[in-house]
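Whatever order the structure lists ligands and atoms in, that order sets their numbers, starting from 1.
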Amino acid sequence: MKLSVIGTGYVGTVTAACFAELGHEVICVDTDEKKVDMINSRQAPIIEDGLDEILKRNVGVSLHATNNYEEAVRNTDFSFICVGTPSDIDGNIDLQPLKNACRCLGTNLRNKKKYHCVVVKSTVVPKTTEDVVIPIIEKESGKSAGSEFGVSMNPEFLREGKAVYDFMNPDKIVIGGIDKRSQLCVKELYDKIDTNVSITDLKTAEMIKYVNNSFLATKVSFANEIGNICKLMGINTYEVMEQVGKDFRISPHFLRSGAGFGGSCFPKDVRALIGKSIELGYDPKILQSVIELNEKQPLKVIDILKKKMNKLEGTQITVLGLAFKSGTDDIRESSSIPIINYLLEKGAYVVAYDPLAMNNMRNVFSNIRYTSTIEEALENSDACLLMTDWDEFREIDNELNLMKRKLVIDARYVLNPNDIKADIKYEGLCW
Ligand code: NAD
């Protein structure tokens with residue numbers, strides 16, 4: 001089957017590459033020329049396990065990229081909208097990229113005779129497909145949704161870092177549609193994937209994605225709250241959660257206390273659901289607490305640092321880990337960001353290392369030192385903050401000896417507290 005993917009960021013590139021790998025013909029469309037060129041030269045614009053290999057196999061054969069909507073709409077039967085839906089200043093989602101994509105799709109559908117199905121994969125608050133996407137496309141194309149073109153909503157649940165695996169091995173596929181035809185033709189695209197496919201209406205599909213992310217974010221904030229309480233009593237929350245997670249009703253996932261969740265999804269999706277609830281006259285207390293606790297959690301690292309050091313001005317602080325989690329180069333809403341901001345404000349000299357995310361962080365902080373090894377990052381430092389649970393940070397015993405003052409604050413349970421050498425002053429965030 002032939003499909004186009006609009007927006008080739010994390011979700012779009014993985015979607016396009018995996019559909020091509022499943023045997024479909026795919027055209028990627030992005031307004032960012034650099035991304036278009038990268039894909040056409042078989043290079044992934046993002047770092048994801050296995051993605052480069054899939055692009056190498058498929059680009060030039062069943063996949064190519066362009067900035068030309070006309071070419072993409074004319075030559076395909078589906079268009080998956082995968083543009084970003086970032087938070088605006090009020091916490092609601094910014095629909096501008098989505099609206100722009102819809103306008104371009106609509107204009108190019110005007111003269112198309114063949115049936116075309118528009119599939120929203122971007123995360124959008126319930127009723128956005130009905131209230132925003134459909135009216136724009138109908139206006140620009142002069143056609144009626146349902147009878148003259150199809151509309152589906154197919155949320156994405158992939159985890160960054162494991163995105164290719166997750167696309168190919170999902171727990172579920174959710175397909176919302178304006179009508180049976182829109183639902184079933186999208187289902188057919190996934191025929192080779194062996195999983196549960198659930199068919200529903202547009203707004204239910206949109207809501208499933210928000211509830212999925214909001215529940216996971218709630219679980220993380222809950223684990224962090226318990227971790228903060230455990231810390232006050234000298235209890236290791238990881239030992240507690242290991243046992244709690246054995247209860248099948250709870251599951252062991254997302255119970256790891258730390259410096260808060262980040263990334264492009266949890267914070268913005270919970271905020272958007274809060275915004276929508278308030279707009280409807282409902283006060284979403286649990287969701288509000290989830291965000292409130294998450295915003296305060298990184299500052300717990302600072303609280304410990306301040307207790308251990310008289311002043312930060314003129315000190316050298318190493319930040320190990322910049323990505324919002326291991327396995328990705330994504331730094332969006334990473335908890336390292338508020339911490340580095342605070343350290344710089346207080347006059348500390350910040351040295352940072354991350355195996356994948358330093359290039360992205362350079363766009364946020366050009367005034368800190370990035371090193372190419374963990375050793376360089378730790379040399380002569382007064383304190384080390386472990387902010388991302390990269391595997392390579394688990395064996396840094398020898399490197400810690402390079403520090404001036406050996407204070408280590410572990411925000412992610414990277415080191416085993418039982419194995420810490422006597423001369424290291426080790427503090428866990430929640431244990
Ligand atoms: P992203 O910012 O990485 O990528 C968006 C891409 O869209 C960019 O390459 C941008 O240049 C392009 N774009 C913007 N406007 C365009 C237009 N008018 N026409 C063509 N291209 C355009 O975003 P992302 O992280 O891939 O997220 C995309 C959507 O998927 C969001 O709604 C997000 O919430 C959702 N989502 C993300 C993840 C994730 O882990 N990143 C997981 C599930 C769902």
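Checked by distance only, ligand 1 and N100 stay at 3.5 Å or farther apart across all their nitrogen or oxygen atoms. For ligand 1, the polar-atom distance check against E156 finds no nitrogen or oxygen pair separated by under 3.5 Å. Backbone and side-chain nitrogen or oxygen atoms of K268 are examined, and one is located within less than 3.5 angstrom of a nitrogen or oxygen of ligand 1. The shortest N or O to N or O distance between T85 and ligand 1 is below 3.5 Å.
With hydrogens left out, the protein atom closest to atom 26 (O) of ligand 1 is V11 N, 2.8 Å, a heavy atom. The single protein non-hydrogen atom nearest to atom 44 (C) of ligand 1 is T123 OG1, 3.5 Å, given as residue, atom name and distance. With hydrogens left out, the protein atom closest to atom 16 (C) of ligand 1 is V83 CG1, 3.5 Å, a heavy atom. Looking at atom 5 (C) of ligand 1, its nearest protein heavy atom turns out to be G84 N, 3.5 Å. Nearest protein heavy-atom neighbour of atom 20 (C) of ligand 1: Y69 OH, 3.3 Å. From the protein, the heavy atom lying nearest to atom 7 (O) of ligand 1 is G7 CA, 3.4 Å.
Around atom CG of N367, more than 12 heavy atoms belonging to other residues, nucleotides or ligands sit under 6.0 Å away.
Residues S4 and S79 have side chains that bring a donor and an acceptor to within less than 3.5 angstrom of each other. Checked by atom type, the side-chain pair S182/D179 shows a donor-acceptor distance below 3.5 Å. Counting only N and O atoms by type, the side chains of S141 and K112 include no donor and acceptor under 3.5 Å apart. Neither side chain, E292 nor S289, offers a donor N or O lying under 3.5 Å from an acceptor on the other.
The aromatic rings of F19 and F80 sit tilted relative to each other, their planes meeting at an angle between 30° and 60°. Using bins of under 30°, 30° to 60° and over 60° for the plane-to-plane angle, the ring pair F261/F266 lands in the perpendicular bin.
Heavy atoms only, all atoms of each residue included: K231 and G428 are closest at NZ-O, 2.7 Å.
Judged by the 6.0 Å and 45° rule, R181 forms a cation-pi pair with Y115. Taking the ring axis of F157 as reference, the NZ or CZ atom of K172 stays within 45° of it and closer than 6.0 Å to the ring centre. The cationic atom of R256 (NZ for Lys, CZ for Arg) does not lie both less than 6.0 Å from the six-membered ring centre of Y413 and within 45° of the ring axis.
Ligand-side atoms of ligand 1 in range of S264: 25 (O), 39 (C), 41 (N), range being under 4.0 angstrom from any heavy atom. Close approach of ligand 1 to C265 is summarised as follows: ligand atoms under 4.0 Å from at least one heavy atom of the residue are 36 (N), 37 (C), 38 (C), 39 (C), 40 (O), 42 (C). Per-residue contacts place A101 under 4.0 angstrom from the following atoms of ligand 1 (heavy atoms of the residue considered): 18 (N). Residue contact check: T8 has heavy atoms under 4.0 Å from atoms 6 (C), 9 (O) of ligand 1. Here is the list of ligand 1 atoms found below 4.0 Å of a heavy atom in I6: 19 (N), 20 (C). Taking a cut-off of under 4.0 Å to the non-hydrogen atoms of P97, the atoms of ligand 1 that pass are 15 (N), 18 (N). Interface atoms of ligand 1 facing G9, defined by a heavy-atom separation under 4.0 Å, are 1 (P), 3 (O), 4 (O), 6 (C), 9 (O), 26 (O). The contact set between ligand 1 and E160, taken as ligand atoms under 4.0 Å from a residue heavy atom, comprises 39 (C), 40 (O), 41 (N).
The pair K143-E138 does not count as a salt bridge, with every side-chain nitrogen at least 4.0 angstrom from each carboxylate oxygen. One finds no salt bridge joining E53 and R57 here, because no Lys/Arg side-chain nitrogen approaches an Asp/Glu carboxylate oxygen to under 4.0 Å. Using a 4.0 Å cut-off between charged nitrogen and carboxylate oxygen, R332 and E160 count as a salt-bridge pair.
Ligand 1 is never approached by F157 to a heavy-atom distance shorter than 4.0 Å. The shortest separation from a heavy atom of R332 to ligand 1 is under 4.0 Å, placing the residue in contact.
Residue-level proximity to ligand 1 for P45 is absent, since no heavy atom of it falls below 4.0 angstrom. Contacts between F266 and ligand 1, counted as non-hydrogen atom pairs separated by less than 4.0 Å, are absent for every part of the residue. With a 4.0 Å heavy-atom cut-off, ligand 1 is reached by no atom of K99. Heavy atoms of S122 found under 4.0 angstrom from ligand 1 belong to the backbone as well as the side chain.
Taking all heavy atoms of D330, V36, D30 into account, the minimum distance to atom 10 (C) of ligand 1 is reached by D30. Of the options R103, K34, K35, the smallest heavy-atom separation from atom 8 (C) of ligand 1 is shown by K35.
Using a distance-only test at 3.5 Å, with no hydrogens or angles considered, a donor-acceptor pair links the side chain of S221 to the main chain of V290.
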